[in-house]
Amino acid sequence: MAPTAASRRAVFRQIAQRSYVEWPAYNSTPIYDRNSLTGLQEDIHVVSEVWFAHAEHASVNQFVCSLPLAYFCFDPHDDYTGSTQYEMATLFRVFILKELYGWDHETALVEYLNRHPDICKQLGLGTTPDQSTLWRSWNNRFTANLRETVETAARTILIKARNSDVDVPRPPDRKRPRRSDDTEESDLDDLAVLEQAKKVTDHVSHIVYPVFSLDRGESYEIHENAFWSLQTYLGLRENLAANEGARSFIHETTRERTPLGHAHRDHIRDLSIPTIREMYRQAVCQLIDEVAETEKFFRAGIVAIDITEDAPFTGDRTGHEDEIIGTKEKTDEYAYQWATVQLVGNAVPLVLDARPVRRGESRKEIVKDLLDSAEDLVHVDNVLMDREFDSQHVLEMISQRGLSYVVPKRMQTSEKAQAKRLLRYDQDRYKTDRKLHLGKNEWHETTLIYRRKENSEHDDHRQYSVFISNQGGSFLTEYGYRWEIESGYRSIKRFMASTTSKNFVLRFFYFAFACLLYSIWRAVDLLVQVELTGEYEHSPIVTADNTLTLLKKETGIG
């Protein structure tokens with residue numbers, strides 16, 4: 001929906017009523033004037049935050065077209081001196097649009113503008129610029145500082161839109177947040193980030209790791225923390241197994257005694273899966289209690305449940321057929337599978353719980369187990385799942401808990417037929433109620449939402465995706481948050497120690513401990529961001545490697 005005069009008025013009235021904000025920024029402090037790019041960035045930050053919170057503002061394109069720029073003076077940032085066809089303010093909007101979509105070349109931008117004459121009109125383009133004009137404007141007309149402002153503005157818009165559940169063309173690029181005060185802003189110094197990370201990591205590790213125990217009794221020579229230190233060290237190196245890692249660790253640790261690889265594995269094998277899970281949940285509870293002390297973490301949110309596979313298993317699985325069960329894509333490969341429930345959306349993406357997946361376990365059983373854990377730790381509002389959880393019994397169980405859900409549906413004959421009809425009538429979106437049979441004359445009432453994919457490679461019914469929701473599609477935009485869990489899995493697997501063992505407990509412990517390292521990293525990053533900037537943005541400023549290195553070197557614990 002395009003913004004209206006009433007919706008614009010509501011936005012700027014709300015900005016004017018904020019006691020701590022003056023807009024435009026050049027009115028707020030003597031260091032800003034109408035030429036100040038820093039002031040312009042500040043204004044885009046202020047306006048975008050309020051703009052996307054309005055119910056009628058659900059498009060980043062419309063924001064770019066509506067962004068007020070009349071007060072800003074572009075002349076000092078224009079390297080051209082002669083007459084030009086396009087105004088600087090117009091080009092500024094055009095290049096923000098290019099940056100929002102992440103296009104590397106002007107050609108993609110020109111093609112997009114040619115396909116969307118309505119956007120061209122709203123941008124104030126009488127004619128669409130050609131590729132060479134745009135290239136010269138960006139490289140020769142815009143100053144380097146103005147080009148950087150475009151990139152910063154686009155990232156701010158993406159973040160503020162996503163925080164308000166507005167669809168964005170791409171995730172924001174990773175970039176350190178800026179401190180906002182009454183002086184010229186500058187990127188946080190790497191040393192400042194690292195120093196703060198040292199303090200926070202030391203504090204967090206002393207809170208989290210004590211809940212892990214090997215239950216070895218009292219007569220032991222090697223401190224238990226040395227085992228967790230070694231396990232974290234294994235996570236620092238890709239494809240590093242326990243034996244090799246234990247030998248290398250001797251030369252890097254300050255401890256006098258460290259476990260050998262076989263002793264390390266033996267102690268872990270003596271644990272049980274329920275014990276590992278209980279220790280994990282206690283550790284995450286400690287993490288949540290710590291981050292909940294900041295105003296940037298809320299004990300409520302959206303969770304995503306998913307299943308991931310370990311590396312394909314190529315050995316003999318005789319006697320382990322119920323544990324090495326195959327792949328989700330139904331190939332001829334076999335693999336261990338692990339299920340997780342993770343916070344997504346605007347929350348810090350902690351893995352709340354993890355569990356193994358065995359042959360014969362129903363998806364309903366897995367989802368119930370993980371939701372029980374999640375709801376013990378946080379207040380869950382909405383559940384996102386992949387299409388493998390497209391089961392009427394799973395959905396009914398979630399609804400009975402009073403939770404909303406969004407799940408993509410596998411297309412059966414009726415859905416394919418409906419998608420073909422939508423394509424015939426050129427409809428982008430369609431919603432219909434559906435009753436799913438539970439058996440014994442019982443039904444689960446839900447809603448099917450058909451949505452056409454942008455820039456689909458298909459020219460038939462496959463242009464459409466079908467989603468199931470018990471909220472009538474009002475939460476459909478949230479499904480985009482699932483990309484975070486896939487991104488999280490990549491990091492988690494990077495933190496896993498390597499092994500060829502078929503021992504199920506050992507395999508699961510390696511995965512669970514990697515989930516814990518990932519969650520510690522994200523919690524440390526949140527605490528560092530809040531301490532240094534007073535804000536939290538999803539793009540980490542503390543690297544995973546820095547966190548793991550600090551856990552090993554600074555604390556002697558992890």
Side-chain angles (χ1 to χ4, degrees), residues 55 58 165-167 300-307 328 339-345 357 361-375 378-425 427-454 456 461-486:
D165 297 337
V166 171
D167 284 338
I302 307 165
V303 298
I305 293 176
D306 208 347
I307 293 175
K328 296 194 294 180
T340 64
V341 57
Q342 179 177 319
L343 278 172
V344 294
V357 178
E361 290 181 315
S362 70
R363 291 299 188 253
K364 179 181 177 181
E365 180 182 352
I366 292 169
V367 172
K368 181 181 182 302
D369 184 18
L370 292 175
L371 280 180
D372 285 343
S373 295
E375 291 193 292
V378 297
H379 174 79
V380 177
D381 293 317
N382 193 9
V383 183
L384 310 179
M385 298 178 292
D386 203 354
R387 59 175 42 88
E388 66 185 294
F389 296 99
D390 164 21
S391 159
Q392 60 267 41
H393 294 94
V394 172
L395 304 181
E396 176 68 10
M397 181 266 293
I398 293 173
S399 286
Q400 288 178 350
R401 287 173 175 256
L403 305 177
S404 58
Y405 61 77
V406 180
V407 185
K409 188 182 188 310
R410 288 167 285 201
M411 273 199 179
Q412 306 298 341
T413 303
S414 61
E415 287 81 35
K416 291 178 182 177
Q418 181 61 59
K420 290 176 182 177
R421 284 193 292 270
L422 295 176
L423 182 62
R424 189 180 312 127
Y425 293 105
Q427 285 185 251
D428 292 335
R429 191 181 177 99
Y430 176 74
K431 182 173 70 175
T432 182
D433 293 334
R434 174 74 65 86
K435 288 185 177 181
L436 305 177
H437 190 230
L438 297 170
K440 297 181 180 179
N441 202 31
E442 294 180 330
W443 301 83
H444 173 71
E445 296 186 3
T446 189
T447 300
L448 266 59
I449 306 100
Y450 293 75
R451 188 171 69 176
R452 195 182 215 163
K453 307 170 192 172
E454 290 188 12
S456 173
H461 69 276
R462 288 173 293 177
Q463 293 182 29
Y464 293 88
S465 296
V466 186
F467 293 86
I468 310 177
S469 176
N470 58 351
Q471 291 294 322
S474 59
F475 290 98
L476 192 57
T477 55
E478 291 180 352
Y479 193 75
Y481 291 139
R482 276 203 72 264
W483 69 268
E484 296 172 11
I485 203 168
E486 299 298 338

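When a residue number appears, it is its place in the shown sequence, counting from 1.
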Atom pair OG/CE of S362 and M397 - distance to nearest 0.5 Å: 8.5 Å

Heavy-atom check, side chain of I307 versus side chain of R363, under 4.5 Å: yes

Side-chain H-bond candidate by donor/acceptor type, Q400 with E396, under 3.5 Å: yes

Side chain Q463, main chain R452, donor-acceptor under 3.5 Å: no

Contact check, side chains of N470 and L395, non-hydrogen atoms, under 4.5 Å: no

Contacts of F389 that satisfy ring pair (Phe, Tyr, Trp, His ring centres under 6.0 Å) - sequence neighbours left out: none

Neighbour count >12 (heavy atoms, 6.0 Å) for atom CD, E445: no

Residue list, side chain to side chain donor-acceptor pair (under 3.5 Å) with D433, at least two apart or on another chain: T447

Salt bridge (Lys or Arg N to Asp or Glu O under 4.0 Å) partners for R462, two or more places apart: D460

Any residue meeting salt bridge (Lys or Arg N to Asp or Glu O under 4.0 Å) with E442, in chain and number order, not counting sequence neighbours: none

side-chain contact (heavy atoms from CB on, under 4.5 Å) evaluation trace for T432 with Q418: CA-CA 10 Å; T432 182; Q418 181 61 59; over 6 Å; no

Sequence neighbours excluded, every pair satisfying salt bridge (charged side-chain N to carboxylate O under 4.0 Å, His left out) that has a member inside residues 403-413: D390-R410, K409-E415

Check: M385 and I398 side chains under 4.5 Å, non-hydrogen atoms: yes

With V303, the side chain to side chain contact (heavy atoms under 4.5 Å, CB included) member among L343, N382, D381: L343

Smallest separation among heavy atoms of S469 and T446, with atom names: O-OG1, 3.1 Å

Close side-chain approach of L422 to R451, heavy-atom, < 4.5 Å: no

Matching residue for I305 among T340, L384, V394, L371 - test: side chain to side chain contact (heavy atoms under 4.5 Å, CB included): L371

Least distance between heavy atoms, Y464 atom then Q427 atom: OH-O, 2.6 Å

Non-neighbouring partners of K416 that pass salt bridge (Lys or Arg N to Asp or Glu O under 4.0 Å), sequence neighbours left out: none

L438 and L436, any side-chain heavy atoms less than 4.5 Å apart: no

